[in-house]
Amino acid sequence: MSQEVVRLLMDTLGKDKVLTGESVTERYHHIWKMEEPLQALAVVVAKNVEDVSFALRICNETKTSVVVHGGLTNLVGSTETNVDEVVITLEKLNKIIEVDESSRTITTEAGVILEDIQAAAKNADLLFPLNFGAKGSAQIGGVISTNAGGLRVFRYGMTRALVLGLEAVLADGTIISSMKKIIKDNSGYDLKQMFIGSEGTLGVITKAVLKLVERPSSRVTAFVAFDEYQGVLDFLKYMDKGMAGTLSGYELIWGETYTCMTSPPAAAKPPLPHGYNYYVLLEGLGSDYDADQKRLESLLEHAFENEMILDAALAHTESDLEWFWTIREDVHVIKSQCNNDQHFDISLPIPLIGELIEQMKIGLKKINGVEKVFPFGHVADGNVHFIIGKKDTSDALREAINDMIYPPLQAIGGSVSAEHGIGLHKKKYLSLCRTEAEIDLMRRLKNCYDPQGILNPGKVL
Ligand SMILES: Cc1cc2nc3c(=O)[nH]c(=O)nc-3n(C[C@H](O)[C@H](O)[C@H](O)COP(=O)(O)OP(=O)(O)OC[C@H]3O[C@@H](n4cnc5c(N)ncnc54)[C@H](O)[C@@H]3O)c2cc1C
């Protein structure tokens, strides 16, 4: 049957769009695992929505599993495959169709890289606000299907808030297109939302209309230091009020993580000395650089005089801005200092973060085999990341670490995934943050969209 599927795909799409053999194994399933050859029956290089539709129809009729590959930057194993599965890659659906300055929208194919969308918006003096470390590789289809968050959710929301229209293909090949630019549409169920954040399990996204906002003409930023978590919280409230709606980022880096990110082999020097318990990197996006910078400076001075903060470093130039943000965005630096790195992306009520993360750190360090623990996160969104270094990749050690982090989230109404999704790696823990009835409804929806269960099987549910 497998060879029959390949033949059908080649006959329908053309041989040039269906890769097999070495052309498959020279690819990979994740940008961090390029040395591992991709395992798949074939890779369909779709060039338009019809290719996706035909490929899905064939796979559906032959009950062949399909995994969509975007930029391969997810952190939950959701693009892993086996030798019986067909990969559909959207890398050739890489056209930006239109930037509409009057509607403030960008219409794009799904394979366009996030950074290219940001650049196209910038060329029109607009902003696509979504921003995170993997922006140079992540494709907008992958970003939408993971409902990615990142560094400016506090002000602009997650991907979900920025998608106005969508085109997607169902498992049976049906094309569902609602490429509208309108902001409000209560005409029945908002079907596009089902594809956003569903990690390729309900359909394949092929195009999107995204919301743009006016491009702020000023960007100000500062690093601030604290020893108490309560201080981090009080300062958030103070800055949010003081910056009059321009606060766009409030990233927390724990002391040990900051030291790691700003010590050799990391290239960046520390803007503030090492030794504090917490560092916040904040960003304001406004319209008058001189006034915004002056306001930030005076807010920091006032906070310092009133002992709200222990230290602060203000970015004065473009290169300062880049220096400060590279520290936060370059998680590779942390990863490179962790053997067998394990990643976390949890959500929890903001007031509980300080104490709970301390307890988790203590518990993690007691686990035999845990070598390094680096927390950091989008604290204004209640989202904390951990990168953990450990002595081996055994299941026992991985689960011991998971068991230290995930179960406490249940009692406090947290989530095992703030933004990265469930994929393969967090499936076992889904029931800690979703009720049985919710999971049952998810299964029924999956069954409705994809009755044969061909789309990214084994992921999420
Ligand atoms: C350094 C680094 C920093 C990161 N920072 C953040 C962050 O701050 N916030 C955040 O939210 N995430 C972050 N991530 C995670 C990751 O970048 C996001 O999840 C991203 O949105 C995935 O996009 P992708 O194109 O790489 O998708 P992929 O990894 O290729 O795919 C992800 C999932 O989406 C599915 N998929 C891909 N394309 C489509 C499509 N067109 N239609 C349907 N399904 C599809 C895949 O099958 C898979 O299930 C980070 C990752 C890295 C490596």
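Atoms within a ligand are numbered from 1 in the order they appear, just like the ligands themselves.
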query: Between Thr146 and ligand 1, which part of the residue brings a heavy atom under 4.0 Å of the ligand: side chain, backbone, both or neither?
result: side chain

- prompt: Any N or O of Ser78 that comes nearer than 3.5 Å to an N or O of ligand 1?
  reply: yes

- prompt: At the 4.0 Å heavy-atom cut-off, does Gly111 count as touching ligand 1?
  reply: no

query: Thinking salt bridges, do Glu318 and Arg219 make one under a 4.0 Å N-O criterion?
result: no

message: Taking Arg152 first and then Glu283, would you say they form a salt bridge - that is, a charged N and a carboxylate O separated by under 4.0 Å?
response: yes

message: Once you restrict to heavy atoms under 4.0 Å, what part of Asn74 touches ligand 1? Side chain, backbone, both or neither.
response: both

- prompt: Which residue from Ala418, Gly423, Ala134 reaches closest to atom 2 (C) of ligand 1 through any of its heavy atoms?
  reply: Ala134

field: Under-4.0 Å heavy-atom contact with ligand 1, by part of Thr79 that carries it
entry: side chain

query: Looking only at heavy atoms, which two atoms of Phe154 and Ala380 are closest? And how far apart?
result: CD1-CB, 3.6 Å

field: Per-residue contact class, Asn456 against ligand 1 - non-hydrogen pairs under 4.0 Å
entry: side chain

- request: May I ask you to say whether Lys361 pairs ionically with Glu256, meaning some side-chain N is under 4.0 Å from a carboxylate O?
  value: yes

Distance-only side-chain donor-acceptor flag, Asp345 / His343, under 3.5 Å: no

field: Atom indices of ligand 1 within 4.0 angstrom of Leu90 heavy atoms, with elements
entry: 40 (C), 41 (N)

Test of proximity, Ser145 against ligand 1: N or O pairs below 3.5 Å: yes

task: Classify the contact between Thr206 and ligand 1 as side chain, backbone, both or neither, using a heavy-atom distance cut-off of under 4.0 Å.
output: neither

- line: When distances are taken from atom 50 (C) of ligand 1, the protein heavy atom at minimum range is Leu75 CD1, 3.9 Å

query: Any N/O of Gly149 closer than 3.5 Å to an N/O of ligand 1?
result: yes

message: So Ile176 and Glu167, do their side chains get closer than 4.5 Å, heavy atoms only?
response: no

message: Check for me whether the distance between the ring centres of Phe376 and Tyr258 falls short of 6.0 Å.
response: no

- prompt: Do Lys92 and Glu109 meet the salt-bridge criterion of a basic N to acidic O distance under 4.0 Å?
  reply: no

query: Looking at Arg398 and Asp395, does any basic side-chain N land under 4.0 Å from a carboxylate oxygen?
result: yes

message: If the cut-off is 4.0 Å to any non-hydrogen atom of Val331, which atoms of ligand 1 fall inside it?
response: 1 (C)

task: Using a 4.0 Å heavy-atom cut-off, say whether Ala138 meets ligand 1 through its side chain, its backbone, both or neither.
output: both

Audit row: Arg57, Asp172, salt bridge (Lys or Arg N to Asp or Glu O under 4.0 Å) steps and yes/no: CA-CA 5 Å; Arg57 190 172 303 165; Asp172 65 3; over 6 Å; no

query: Do the two ring centres, one from His420 and one from His385, sit under 6.0 Å apart?
result: yes

message: Please determine whether salt bridge (Lys or Arg N to Asp or Glu O under 4.0 Å) holds for the pair Lys459 and Glu80, giving the CA-CA distance in whole Å, both sets of side-chain angles, and the decisive distance to 0.1 Å.
response: CA-CA 9 Å; Lys459 316 283 169 45; Glu80 287 181 24; over 6 Å; no

field: Residue Val143 vicinity, atoms of ligand 1 by number, heavy atom under 4.0 Å
entry: 21 (O), 23 (O)

query: Hey, is ligand 1 close enough to Gly70 that some N/O pair sits below 3.5 Å?
result: yes

- prompt: Between Phe374 and Phe386, does the ring centroid distance fall short of 6.0 Å?
  reply: no

Ligand 1 contact on His30 by region, counting heavy-atom pairs under 4.0 Å: neither

field: Element-labelled atoms of ligand 1 that are located less than 4.0 Å from some non-hydrogen atom of Gly203
entry: 43 (C)

task: Could you tell me if the ring centre of Phe324 sits under 6.0 Å from that of Phe223?
output: yes

query: Do Lys390 and Glu371 sit within salt-bridge range, that is, some charged N less than 4.0 Å from a carboxylate O?
result: no

statement: Leu72 heavy atoms within 4.0 Å reach ligand 1 at atoms 24 (P), 26 (O), 28 (P), 29 (O), 30 (O)

query: Considering only heavy atoms of Gly141, which atoms of ligand 1 have at least one such atom less than 4.0 Å away?
result: 38 (N), 39 (C), 40 (C), 41 (N)

- prompt: Can a non-hydrogen atom of Glu329 be found less than 4.0 Å from any atom of ligand 1?
  reply: no

field: Ile205, any N or O under 3.5 Å of ligand 1 N or O
entry: yes

field: Within-cut-off N or O pair, Phe132 and ligand 1, under 3.5 Å
entry: no

message: Checking a contact table here: which protein heavy atom is nearest atom 39 (C) of ligand 1, and how many Å away?
response: Val68 CG1, 3.5 Å

message: Just to confirm my output: which protein heavy-atom neighbour is closest to atom 49 (O) of ligand 1, and how far is it?
response: Glu199 O, 3.0 Å

- prompt: Just wondering, do Val416 and Asn402 contact through their side chains at under 4.5 Å, heavy atoms?
  reply: no

message: Is the contact between Thr73 and ligand 1 made by the side chain, the backbone, both, or neither, using heavy atoms and a 4.0 Å cut-off?
response: both

- prompt: Does ligand 1 have any atom sitting under 4.0 Å from a heavy atom of Trp32?
  reply: yes

query: Can you tell which part of His332 has a heavy atom less than 4.0 Å from ligand 1: side chain, backbone, both or neither?
result: neither

